[in-house]
There are 2 protein chains.
Amino acid sequence: MSLRHALLGLLSERPASGYDLLKLFDTSLATVWPATQSQIYTELTKLADAGLITVAAEGPRGRKEYALTEQGMAELRHWLTETAPQRNTRSDILLRVFFLGVLTPGQARAYLTELVEMSAQGEESLRHLAESIDWDDDNLSTYGRIVLEYGLRFNAMRRDWAEWAAGQIT
Amino acid sequence: MSLRHALLGLLSERPASGYDLLKLFDTSLATVWPATQSQIYTELTKLADAGLITVAAEGPRGRKEYALTEQGMAELRHWLTETAPQRNTRSDILLRVFFLGVLTPGQARAYLTELVEMSAQGEESLRHLAESIDWDDDNLSTYGRIVLEYGLRFNAMRRDWAEWAAGQIT
DNA sequence: GAAGTCATGTAACGGGTTACATGATTTG
DNA sequence: CAAATCATGTAACCCGTTACATGACTTC
C-alpha cells in the first residue's frame, strides 16, 4: 500500500497532474519505489474517490491537477509516524548467491565479479545524478540528498562485499 | 519469476517435499526470498507439470517428495548464468525518508533513530543465527555464510547511515 | 484418545506489469 | 502539416498474501 503514500508525499510538496507525477517517479523515486503510468493513474482516481486528494485545477488536454486535502496530509503523517516500516525486501541478487554451488567455482566467481562491476557502476551513476540535480532548499531536496547518500554507501558496501566473497571461493 | 528458481535451487541440494521446502524457506531463505505455504504448493505443481521436477517418492499422509530433473537443473543453471539480476528493489524504509519533511525535525530524527535501532537489532539477530546454525560443508552452507556476511555488512552500513542522517537534521 | 505435527490443496483479493487505445496541443 | 510531447484511461495477466478446508500420523 505504499504507492498511495508515495503519491501523497509528492503532492505534499506541490500540486501535480498524473503526468507530472509519472515523471517525478522516474526522476526521483525510480530507485526506491518505481511505478508505472497505469498504476499511477488508477491510484490517483482511488485517492480522489477516498477524499485524500482533489482536482484543484484543470488544464489543456484534459489535464487534471491534483492537490492534497487535509485528510490526505493527515494520512501521510499517520503513515510516517504510526505505522512500522517492514524490513524484509526480496533480493534476486542474493537469492542467486545461495545457489552458486551448482556452478563451477569459476562461474560463481564471475557472477560475484559482475556484482562488483554493477555496484561500482551504480555508485558512479549516483554521483552523476547528484551533480546533475540542482538541489533546491525544499524538503524533497534535503531528504533526497540523504537518500542519495544511502545509495552511495549501499553500493560501496555491496562492492566491497562482492569483492570479499569472490575471494572466498577456492 | 524467482520463486520457481528458489525451489529449483533448494531441490538441487536434495529431494524434498512441499512441507520440507516450506521450512527451508522459513529458516534459510526467509530474509532474502520469503514465500508462503500456498505459494510453494501451487508452484511445485506447476514445476512438476512443466517437467522441471518430478515426484521421486511418496510417503505417509500423502507426502510427495520432489526431485530435480535434468531439465530443472538446466533451467537453474540457465537462470544463474544467462539472465541478469535486476537491481531495483522497492524500499518502504527509504521511501519514508523522502517525505520526512512533512514532520517536525524531532519526529524525523525519531524515525531515523528507530532505523538505527532496527539495524542494530538486525545485526544482532544475524549473529545469533550464525551461531545457532551448524554449518555443514555443503554448498548451501558455503554460500549461505556469504549471504549472511552480506546481511551483517548491510545492517552495519544502514546503522551508520541512519546515525549520520539523524545528525544532518537541524 | 487428545494434542501436536505432518501434509496438501484451493479460493478470494490486492498490487504490479505489459499492452492497448485514444486524442489534444505544441513545436519546428 | 508532421512529429513530438502532453495527457488520460482500461483490460489482461502474473505474483503474492490471507484465509479456509481437510485429513493422516505420531507422541504423550
Side-chain angles (χ1 to χ4, degrees), chain A residues 1-8 10-11 15-27 29-50 53-66 79 83-84 86-92 95, chain B residues 1-8 10-11 15-27 29-50 53-66 79 83-84 86-92 95:
Chain A
M1 282 283 280
S2 285
L3 172 65
R4 66 185 313 139
H5 298 112
L7 289 168
L8 293 175
L10 289 176
L11 288 172
S17 67
Y19 193 81
D20 295 339
L21 290 163
L22 176 59
K23 287 183 157 180
L24 284 170
F25 266 87
D26 285 346
T27 55
L29 297 188
T31 51
V32 161
W33 205 273
T36 60
Q37 177 262 342
S38 95
Q39 227 184 329
I40 291 172
Y41 280 104
T42 43
E43 191 62 36
L44 283 172
T45 312
K46 284 187 204 162
L47 284 168
D49 286 350
I53 61 177
T54 42
V55 179
E58 306 208 13
R61 279 164 291 203
R63 176 187 171 93
K64 286 189 253 176
E65 206 165 73
Y66 292 99
W79 174 65
T83 66
Q86 58 174 56
R87 69 247 307 115
N88 64 326
T89 45
R90 288 187 166 78
S91 170
D92 193 0
L95 180 61
Chain B
M1 280 283 280
S2 286
L3 172 65
R4 65 185 315 140
H5 297 113
L7 289 169
L8 294 175
L10 289 175
L11 287 172
S17 68
Y19 193 80
D20 295 339
L21 290 164
L22 176 58
K23 287 180 158 183
L24 283 170
F25 266 88
D26 284 346
T27 55
L29 298 188
T31 51
V32 162
W33 205 272
T36 60
Q37 177 260 342
S38 95
Q39 227 184 328
I40 290 172
Y41 281 104
T42 43
E43 191 62 35
L44 283 172
T45 313
K46 281 186 205 163
L47 283 168
D49 287 348
I53 61 176
T54 41
V55 178
E58 305 207 14
R61 281 164 289 203
R63 177 188 170 91
K64 286 189 254 177
E65 206 164 72
Y66 291 99
W79 174 66
T83 67
Q86 58 174 57
R87 70 253 298 122
N88 64 326
T89 46
R90 287 188 166 77
S91 170
D92 193 0
L95 181 61

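Quick note on labels: first sequence line is chain A, next is B, and so on, each numbered from 1. Quick caveat, the model's predicted, so the values are computed rather than measured.
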Minimal heavy-atom distance between A6(A) and L29(A), with the atoms involved, is CB-CD1, 4.1 Å
Considering every strand and a 4.0 Å limit on heavy-atom distances, what is the contact class for Q37(B): base, sugar-phosphate, or nothing?
base
Touch class at under 4.0 angstrom, heavy-atom based, for R4(B) against every strand present = nothing
Nearest heavy-atom contact between L11(B) and A16(B) is CD2-N, 3.5 Å
Minimal heavy-atom distance between G18(B) and I40(B), with the atoms involved, is O-CG2, 4.1 Å
Any N/O pairs under 3.5 Å between the protein and nucleotides 3-7 of chain D? List them or say none.
from	atom 1	to	atom 2	distance (Å)
dC6(D)	OP2	Y19(A)	OH	2.7
dC6(D)	OP2	K23(A)	NZ	3.3
dC6(D)	O5'	Y19(A)	OH	3.4
dC6(D)	O4'	R61(A)	NH1	3.2
dA7(D)	OP1	R63(A)	NH1	3.3
dA7(D)	OP2	R63(A)	NH1	3.0

Checking D20(B), L3(B), V32(B) against F25(B) for side-chain contact (heavy atoms from CB on, under 4.5 Å), the one that qualifies is L3(B)
In the 5' to 3' direction, the nucleotides of DNA chain C bounding the stretch that comes under 4.0 Å of a heavy atom in chain B are dT5(C) to dT17(C)
Here the distance between atom P of dT18(D) and atom CG of L22(B), to the nearest Å, is 14 Å
Taken to the nearest whole Å, CD1/I40(B) to C1'/dC15(D) is 14 Å
Separation of dG16(D) atom P from L7(B) atom CG, nearest Å, is 10 Å
In terms of heavy-atom contacts, W79(B) and D92(A) come closest through CZ2-OD1, 3.8 Å
Shortest non-hydrogen pair, Y41(B) vs Y19(B), comes out as OH-N, 3.3 Å
Looking only at heavy atoms, the pair that brings R4(A) and M1(A) closest together is CG-O, 3.2 Å
- [ ] Under the side chain to side chain contact (heavy atoms under 4.5 Å, CB included) rule, what do T54(A) and Y66(A) come out as? Steps first, then yes or no, please.
- [x] CA-CA 5 Å; T54(A) 42; Y66(A) 292 99; over 6 Å; no
